[in-house]
Amino acid sequence: MLNRAAVALLVHTVLVQLVTFVLRPTSTYRALELGVPTGWLGVLSAGFAVAPLVLAIPSGQAVDRLGERRVMAAGAVLMCAAAVTFAFVGGGVAGLVVGSVLLGTGHLCSVVAQQAMVANTTETARYDAAFGHYTFAASLGQAVGPGLILLAGGDRTIPRTDTVFLVAVAITVVLIGVTLAVRAPAARRAATVDGGPEGVRDLLRRPGLVRTLAVSCVVIAAVDITLVYLPALGAERGIPSGVVGVLLAVRAAASMTSRLFLGRLAAWLGRHRLLLGSVALAAAGLAAAAVPMPVWLLGAVVLVVGLGLGVGQPLTMSWLAEATPPGLRGRAMSLRLTGNRLGQVVVPSAAGLLAAGTGAAGVLVLTAAGLAAAGVTAGRRPPA
């Protein structure tokens with residue numbers, strides 16, 4: 001049974017991802033509404049990651065020194081500021097970029113603190129299951145978020161973005177309230193490692209860590225690509241925005257399913273084989289999505305992509321938590337997110353350049369190739 005602190009943490013996780021996964025595709029639709037070229041959508045996506053890329057390690061240090069709850073509160077306030085910016089200053093490209101940066105920074109603070117709290121309050125033997133449940137909650141938010149686009153879009157190609165942004169403002173106010181209810185259990189694990197800069201260097205020297213971070217980086221970039229370029233693909237093929245919202249929700253729901261049973265899957269197959277199989281599944285699905293097909297078949301392909309992408313992140317988290325001593329886990333999770341943010345800057349920007357000549361389908365093929373390369377990298381050294 002989950003205690004009240006765990007339930008509050010999971011609700012917080014759902015709301016953070018819900019806000020993120022409704023604001024990001026809606027900002028894409030607002031950009032299209034403003035006539036922003038498809039090739040520039042990758043720059044908008046990079047805006048979500050570029051400032052947090054610099055702040056990831058400091059945020060982990062703040063978690064280790066100040067505690068998870070304070071950093072969560074800062075993240076909730078920043079996400080509220082992002083929603084307000086989109087709603088009232090999002091009538092131009094500059095406002096969309098500023099909103100994306102605020103959203104990315106708030107999301108970063110929230111998830112670093114959440115992941116460190118899971119690592120610091122869970123027994124080692126339960127890491128796979130605990131991070132599976134945590135990322136299940138994240139996927140639940142990711143599934144519900146695009147559903148708001150369906151409500152505001154219906155059969156319109158471009159949804160009513162003003163309505164979605166205002167609803168997001170209200171949700172972030174609730175998020176701030178929930179943050180006040182999140183409390184770490186009284187029996188926290190004591191820090192055993194000095195919190196100085198040498199801790200990050202020690203982490204980077206651990207065998208296989210850099211390769212594991214590389215896999216995590218490519219997988220999260222692939223999730224990012226689906227958020228940005230599925231709406232673009234739908235616009236190119238004349239698919240209504242409400243249907244695209246359903247497709248995004250299907251991807252998130254599939255990831256949610258694979259994460260719910262992650263503990264059992266990891267025990268059955270082992271982390272290494274499970275990671276390789278999930279990456280291969282996602283790569284095959286993204287490559288297939290680039291081919292013109294009926295919407296129902298595209299939905300099945302997106303389902304496959306979601307199942308594959310859902311496994312990589314929690315496996316990476318549990319490996320890092322197990323390999324990292326208490327007192328450095330905030331930094332360990334922020335180091336993983338630094339790699340993720342780097343991928344979110346480089347991959348979408350490169351994808352945007354490719355989209356100028358090949359459209360959204362070319363971006364999906366490029367992402368599938370990146371996942372295949374990540375699978376080869378993961379195959380060289382299994383996570384512990």
Side-chain angles (χ1 to χ4, degrees), residues 8-28 30 44-63 66-90 94-118 134-135 137-138 140-142 144-146 148 164-182 220 223-224 227-228 313 330 333-334 336-338 340-342 344-345 348:
L9 175 61
L10 293 179
V11 171
H12 188 275
T13 301
V14 170
L15 292 178
V16 166
Q17 298 300 331
L18 187 158
V19 170
T20 302
F21 274 64
V22 72
L23 285 179
R24 298 203 63 203
T26 303
S27 67
T28 297
R30 172 61 66 84
L44 180 61
S45 179
F48 175 79
V50 64
L53 178 61
V54 178
L55 298 174
I57 297 299
S59 71
Q61 293 172 333
V63 168
L66 303 176
E68 299 92 342
R69 186 167 174 264
R70 291 181 180 178
V71 179
M72 282 186 196
V77 170
L78 285 168
M79 294 187 78
C80 185
V84 170
T85 301
F86 281 128
F88 298 104
V89 196
L96 293 178
V97 172
V98 171
S100 294
V101 171
L102 288 171
L103 180 63
T105 307
H107 180 266
L108 170 75
C109 292
S110 298
V111 298
V112 168
Q114 290 166 355
Q115 292 169 17
M117 183 174 285
V118 174
Y134 165 73
T135 52
L140 178 59
Q142 294 167 12
V144 174
L148 297 180
V164 179
F165 287 147
L166 289 174
V167 170
V169 171
I171 296 173
T172 57
V173 173
V174 175
L175 173 64
I176 293 173
V178 171
T179 305
L180 301 177
V182 175
I220 196 66
V223 174
D224 234 41
L227 270 181
V228 175
Q313 296 306 300
M333 296 304 169
S334 68
R336 188 186 72 86
L337 287 167
T338 298
N340 289 354
R341 291 297 197 241
L342 181 61
Q344 288 175 305
V345 171

Report the residues that fulfil ring-ring contact (aromatic ring centres under 6.0 Å, His included) with Phe86, sequence neighbours left out, ordered by chain and then residue number.
-> Phe165
Hits for side chain to side chain donor-acceptor pair (under 3.5 Å) against Thr179, two or more places apart or cross-chain, chain-then-number order -> His12
Take Gln17 and Leu140 through the side-chain contact (heavy atoms from CB on, under 4.5 Å) test and state the conclusion after the steps.
-> CA-CA 8 Å; Gln17 298 300 331; Leu140 178 59; over 6 Å; no
Atom pair NE2 (His107) and OG1 (Thr20), whose distance is rounded to the nearest 0.5 Å | 4.0 Å
Any idea which heavy atoms bring Ala181 and Ala8 closest together, and the distance?
-> O-CB, 3.7 Å
What's the verdict on side-chain contact (heavy atoms from CB on, under 4.5 Å) for Phe21 and Leu148, showing C-alpha distance, side-chain angles and the deciding distance?
-> CA-CA 10 Å; Phe21 274 64; Leu148 297 180; over 6 Å; no
Quick one: list whatever passes salt bridge (charged side-chain N to carboxylate O under 4.0 Å, His left out) with Arg30, sequence neighbours left out.
-> Glu33, Asp162
Rounding to 0.5 Å, atoms CE (Met117) and OG1 (Thr13) come to a distance of 9.5 Å
Under the side-chain contact (heavy atoms from CB on, under 4.5 Å) rule, what do Leu180 and Arg69 come out as? Steps first, then yes or no, please.
-> CA-CA 8 Å; Leu180 301 177; Arg69 186 167 174 264; 4.1 Å; yes
Work out which heavy atom in Gly99 is nearest to a heavy atom in Ala82; give both atom names and the distance.
-> O-CB, 3.6 Å
CG/Leu23 to OG1/Thr28 distance, rounded to the nearest 0.5 angstrom?
-> 11.0 Å
Distance col, row Leu18:CG vs Ile171:CD1, nearest 0.5 angstrom, shows 5.0 Å
Among Val174, Val144, Thr172, which one satisfies side-chain contact (heavy atoms from CB on, under 4.5 Å) with Leu15?
-> Val174
In Leu9, Val112, Val16, Ile176, the residue satisfying side-chain contact (heavy atoms from CB on, under 4.5 Å) with Met72 is Leu9
Might you point out which heavy atoms bring Leu166 and Ala87 nearest each other, and give the distance in Å?
-> CD2-CB, 4.1 Å
Kindly indicate, with the supporting measurements, whether the criterion side-chain contact (heavy atoms from CB on, under 4.5 Å) is fulfilled by Val98 and Val89.
-> CA-CA 9 Å; Val98 171; Val89 196; over 6 Å; no
What are the two closest non-hydrogen atoms of Val14 and Ala137, and how far apart are they?
-> CG2-O, 3.3 Å
OG of Ser110 to CG of Leu78: how many Å apart, nearest 0.5 Å?
-> 8.0 Å
When rounded to the nearest 0.5 Å, the distance separating CG of Leu108 from OG of Ser334 is 8.0 Å
Closest heavy-atom contact between Gly330 and Ala116?
-> CA-CB, 4.0 Å
Taking every heavy atom of Cys80 against every heavy atom of Val173, the minimum-distance pair comes out as SG-CG2, 4.4 Å
